[in-house]
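To start, the structure under review is shown below, and the notes come after it.
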Number of protein chains: 2
Amino acid sequence: MRPVPASPPFEFCQYPPPEVGYKVTSCWDGTGGLRVLLIEDDVALGEAVRDHVAGGAHAVDWMKTIDTAASALSTTGYGLVLLDLRLPDGSGIALLKDIRARGITTPVIILTAHDQISDRIEGLNSGADDYLVKPFNLGELTARMLAVSRRYEGRPVSLVRIGDLEIDAAERRVSSAGEAIALSGREWAVLDTLSARPGAVVSKAQIEEALYAFGSEIESNTVEVYVSRLRRKLGRDQIATLRGVGYRLGRER
Amino acid sequence: MRPVPASPPFEFCQYPPPEVGYKVTSCWDGTGGLRVLLIEDDVALGEAVRDHVAGGAHAVDWMKTIDTAASALSTTGYGLVLLDLRLPDGSGIALLKDIRARGITTPVIILTAHDQISDRIEGLNSGADDYLVKPFNLGELTARMLAVSRRYEGRPVSLVRIGDLEIDAAERRVSSAGEAIALSGREWAVLDTLSARPGAVVSKAQIEEALYAFGSEIESNTVEVYVSRLRRKLGRDQIATLRGVGYRLGRER
DNA sequence: TGGCGACTTTCAGGCTGCTGTCAGGTTTCA
DNA sequence: TGAAACCTGACAGCAGCCTGAAAGTCGCCA
């Protein structure tokens, strides 16, 4: 995997999640390629696909079991999934149905030796975007990957990961260690402000500006109160205080 | 407020363009099927495809020349195009490149006898979404049509499962814990809107847009009422309220 | 054509939980 | 050690939401 730059620009997606906050705005690898998850247990085929796809300047994570693939996908950071149907520890179709049912919309192309028409139809109806039968031509695979992913492009994604905290601004979702957390309007506004520039310190004044219309007179310690409420929900040390300066998302190092 | 007629169902698209007051969410034929443009000069194959696709409750316009197809496409009212590459009066690839250059994004599936890998790659790279080589299975064609069109609509799956709730948009069916649930037209419209992008927050305004003619004045809390009724039928916590923001399918924590 | 039932819309009153404020406590730093 | 900065539990007020009821609308059928 390519090294992760230590500073912005943020517009790429990280997997596995980085320690410090990165803003994820799309499922590209930061250099113009797609970030691809390859789920395949056949070593020879997996190597061929990985080398070809990566050679086309895409970033490929290769996983060989349902189990690891499922946990990787739960973090929704991929632009495309290449899925072998027959895996040693379970069915690819079950995995596909499961991730679709969980609302994960990442495009999926099935790569398989199953060549019955009924298999193809089942695969596509289970939520796959395309279906390629082995043996296939690697050039065609790339063309189909691009065909599928250009449909997926342009969807609004804005995901920020900081430690085990995941903030999806587009979907207005927060989770801590995989657990969804419900926030009120003001709580969300504060968190949203803090996550707008991950890693940066945000002053109380900036948060107040985000919370209230310009010119509003706020005389109390509202920001402190909401930070306190957020900490209670997200975990005490997910928001660091910089005395006299402001707040920052993430644990102090 | 001017209601949309209760039947046929709401999730349709009108072609030619509807009168003011009808919601156009996609290029459906008004009865739940896709509006399909078939561009094919082979009479036997064309008839087979038309009959099969139309038999699957889709509306099919069949054109046999580049010329008529191009003018039909310029009005962009189709949900899907099935394109034969070799036509008597020109190249399907040229037509495809032309409509893409004109910004028409309607999904295109190429149906062709050209089975060289290079042909497939050229077709996909020219803007096609899928590529089926003759002879093909008509069931697979339908599955691919649905896969492509649901992606086009930003609706990655027609079947959504959230917890023990199962919503099949294509079949217009809902079940909770395996038990079928009957919904009225408006109830379905609200649920359909909520399930179009599983996991996303849907504002009251968006739901109202789905229910009522454009420009209608909002005078009451109709959306709240239907959410309340849906909850009574589906289960209290199947729809989460995000105060001041909207609603979302699924339980909130 | 009229009656019927299912569906839709509106309304009002009640309820929930969000919000801003404050006070008293804790932490940090000079 | 004192002052400043920050934290947090509690609470009243209220906006936003929920829901039962009733009136209105529509399609169906005899």
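Letters A, B, ... mirror the listed sequences (proteins, then strands); counts begin at 1.
Taking only side-chain atoms of B:Arg236, from C-beta outward, the nucleotide of D:dC7, C:dT19, D:dT19 with the closest atom is D:dT19. Of the listed nucleotides (C:dC29, C:dC7, D:dC17), D:dC17 has the atom at the smallest distance from the side chain of B:Glu224. Across D:dG20, C:dT21, D:dC7, the shortest atom-to-atom separation from the side chain of A:Arg231 is found for D:dC7.
Within the 4.0 Å cut-off from OP1 or OP2 of D:dC17, at least one side-chain nitrogen or oxygen of B:Lys204 is found. A close approach under 4.0 Å does occur between a side-chain nitrogen or oxygen of B:Ser228 and OP1 or OP2 of D:dT19. Regarding contacts with the backbone of D:dC18, a side-chain N or O of B:Tyr247 is found under 4.0 angstrom from either OP1 or OP2. Between B:Ser184 and C:dT8 there is a side-chain N or O to OP1 or OP2 distance below 4.0 Å. Between A:Tyr226 and C:dG20, a side-chain N or O to OP1/OP2 separation shorter than 4.0 Å is present. A close approach under 4.0 Å does not occur between any side-chain nitrogen or oxygen of A:Arg243 and OP1 or OP2 of C:dT27. Residue A:Thr241 has a polar side-chain atom (N or O) positioned under 4.0 Å from OP1 or OP2 of D:dC7.
Note: CH2 (A:Trp188) to P (C:dC18) measures 15 Å, nearest angstrom. When the P atom of C:dT8 is taken as reference, atom CZ of B:Arg232 falls 14 Å away, rounded to whole Å. What separates CG of A:Leu242 from C1' of D:dC7 is a distance of 16 Å, to the nearest Å. Rounded to whole Å, the distance from CG on A:Asn221 to C1' on D:dA4 is 14 Å. Atoms CG (A:Leu230) and P (D:dC6) sit 17 Å apart, rounded to a whole Å. For the pair A:Ile239 CD1 and D:dC7 C1', the computed distance is 13 Å after rounding to whole Å.
Interface remark: the B:Arg186 side chain does not form any donor-acceptor pair with the C:dT8 base, using a distance-only criterion of under 3.5 Å.
Within 4.0 Å of B:Arg229, counting heavy atoms only, lies at least one base atom of the nucleic acid. At a threshold of 4.0 angstrom between heavy atoms, the contacts of A:Val225 include nucleobase atoms, whether or not backbone atoms are also involved.
A salt bridge between B:Arg229 and B:Glu187 is absent, with no side-chain N of the basic residue lying under 4.0 Å from a carboxylate O of the acidic one. At a threshold of 4.0 Å, the pair A:Glu166-A:Arg173 does not count as salt-bridged, since none of the basic side-chain nitrogens sits closer than that to a carboxylate oxygen. Ion pair A:Lys204/A:Glu208 not flagged as a salt bridge, since none of the NZ, NE, NH1 or NH2 atoms sits closer than 4.0 Å to an Asp/Glu carboxylate oxygen.
Nearest-nucleotide positions on DNA chain C place B:Glu187 closer to the 5' end than the other of A:Lys233 and B:Glu187.
Scanning all heavy atoms of the two residues, the minimum distance from B:Met145 to B:Val36 falls at CE-CG2, 3.8 Å.
Between B:Leu82 and B:Glu40 the shortest side-chain heavy-atom distance does not fall below 4.5 Å.
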